[in-house]
Amino acid sequence: MTRDLDAAMGRSLELAAAAEGWGDIPIGAVVLGPDGGVLAEAANEREKRGDPTAHAEVLALRAAAQVHGDGWRLSGCTLVVTLEPCTMCAGASVLSRVDAVVFGADDPKAGAVGSLWDVVRDRRLNHRPQVTGGVRAEECGALLRAFFRRQRGL
């Protein structure tokens with residue numbers, strides 16, 4: 001794991017913790033530019049916005065597109081997120097043309113980057129980002145498990 005990915009995942013974890021503060025599932029995402037610097041970042045805001053599409057990944061990709069300089073195409077960029085993306089977010093990764101998707105914890109119930117589905121590697125699509133999973137997976141998973149235990153009153 002490179003130092004940049006470790007640091008980006010650390011920032012994603014901080015964002016995820018913030019999302020829990022406003023009642024959202026703690027997921028954070030960072031988009032790194034071609035130079036490895038942070039282009040954009042976001043946390044889940046579905047509850048905060050009342051928007052079912054306000055996943056951390058989608059919000060971060062939208063923000064990155066505003067500053068990247070190539071319109072909606074995020075060529076050369078890397079999406080770093082604490083939880084394996086769902087089908088919507090995996091699709092957004094493909095459509096935004098990010099070079100890579102990096103995630104922490106696997107999502108066996110809804111993951112679309114290898115667990116339940118594998119949208120980003122589907123050969124029928126015209127773009128397939130590289131995937132790196134398991135970056136700081138234990139920390140990412142622990143944050144989510146603790147959140148759901150509290151939600152369930154356990």
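Every heavy atom of this structure was used, including side-chain atoms; hydrogens, water molecules and symmetry mates were not.
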**Asked** Mind checking whether Leu61 and Val98 have side chains closer than 4.5 Å, heavy atoms only?
**Response** yes
**Asked** Any donor-acceptor pair under 3.5 Å linking the side chain of Arg46 with the backbone of Asp24?
**Response** no
**Asked** Would you find a donor on one side and an acceptor on the other, under 3.5 Å apart, between the side chain of Asn44 and the backbone of Ile25?
**Response** yes
**Item:** Close side-chain approach of Leu32 and Val38, heavy atoms under 4.5 Å
**Value:** yes
**Donor-acceptor pair, side chain of Thr82 and main chain of Cys140, under 3.5 angstrom** = no
**Message:** Ignoring hydrogens, what is the shortest heavy-atom contact between Val31 and Ala64? Give both atom names and the distance.
**Reply:** CG1-CB, 3.7 Å
**Asked** How far does CG of Leu59 sit from CZ of Arg49, to the nearest 0.5 angstrom?
**Response** 4.5 Å
**Request:** Establish whether Phe147 and Leu83 are linked, either directly or via other cluster members, by ILVMFWY side-chain heavy-atom contacts under 4.5 Å.
**Result:** yes
**Message:** Is it the case that the side chain of Glu84 and the backbone of Gly133 share a donor-acceptor pair, with hydrogens and angles ignored and the cut-off at 3.5 Å?
**Reply:** no
**Asked** Under a 4.5 Å cut-off applied to non-hydrogen side-chain atoms, are Val120 and Asp118 in contact?
**Response** yes
**Message:** Would you say Leu39 ends up clustered with Val101 if hydrophobic residues are merged whenever their side chains have heavy atoms under 4.5 Å apart, either directly or through other cluster members?
**Reply:** yes
**Prompt:** Do Val81 and Leu143 sit in the same hydrophobic cluster, where Ile, Leu, Val, Met, Phe, Trp and Tyr count as joined when their side-chain heavy atoms come under 4.5 Å apart?
**Reply:** no
**Request:** Could you tell me whether a side-chain N or O of His127 sits under 3.5 Å from a main-chain N or O of Ser93, the two making a donor and an acceptor?
**Result:** no
**Request:** Using side chain to side chain contact (heavy atoms under 4.5 Å, CB included) as the criterion, list what pairs up with Ala137, not counting sequence neighbours.
**Result:** none
**Asked** Under 3.5 Å, is there a donor-acceptor pair between the side chain of Ser12 and the main chain of Val80?
**Response** yes
**Asked** Which residues pass the side chain to side chain donor-acceptor pair (under 3.5 Å) test with Arg150, sequence neighbours left out?
**Response** Glu20
**Request:** Mind jotting down which residue pairs meet the salt bridge (charged side-chain N to carboxylate O under 4.0 Å, His left out) criterion with at least one end in residues 105-117? Sequence neighbours excluded, please.
**Result:** none
**Asked** Can you find a pair of side-chain heavy atoms, one from Arg136 and one from Asp6, that are under 4.5 Å apart?
**Response** yes
**Message:** Ignoring hydrogens, what is the shortest heavy-atom contact between Ala65 and Trp72? Give both atom names and the distance.
**Reply:** CB-CA, 4.1 Å
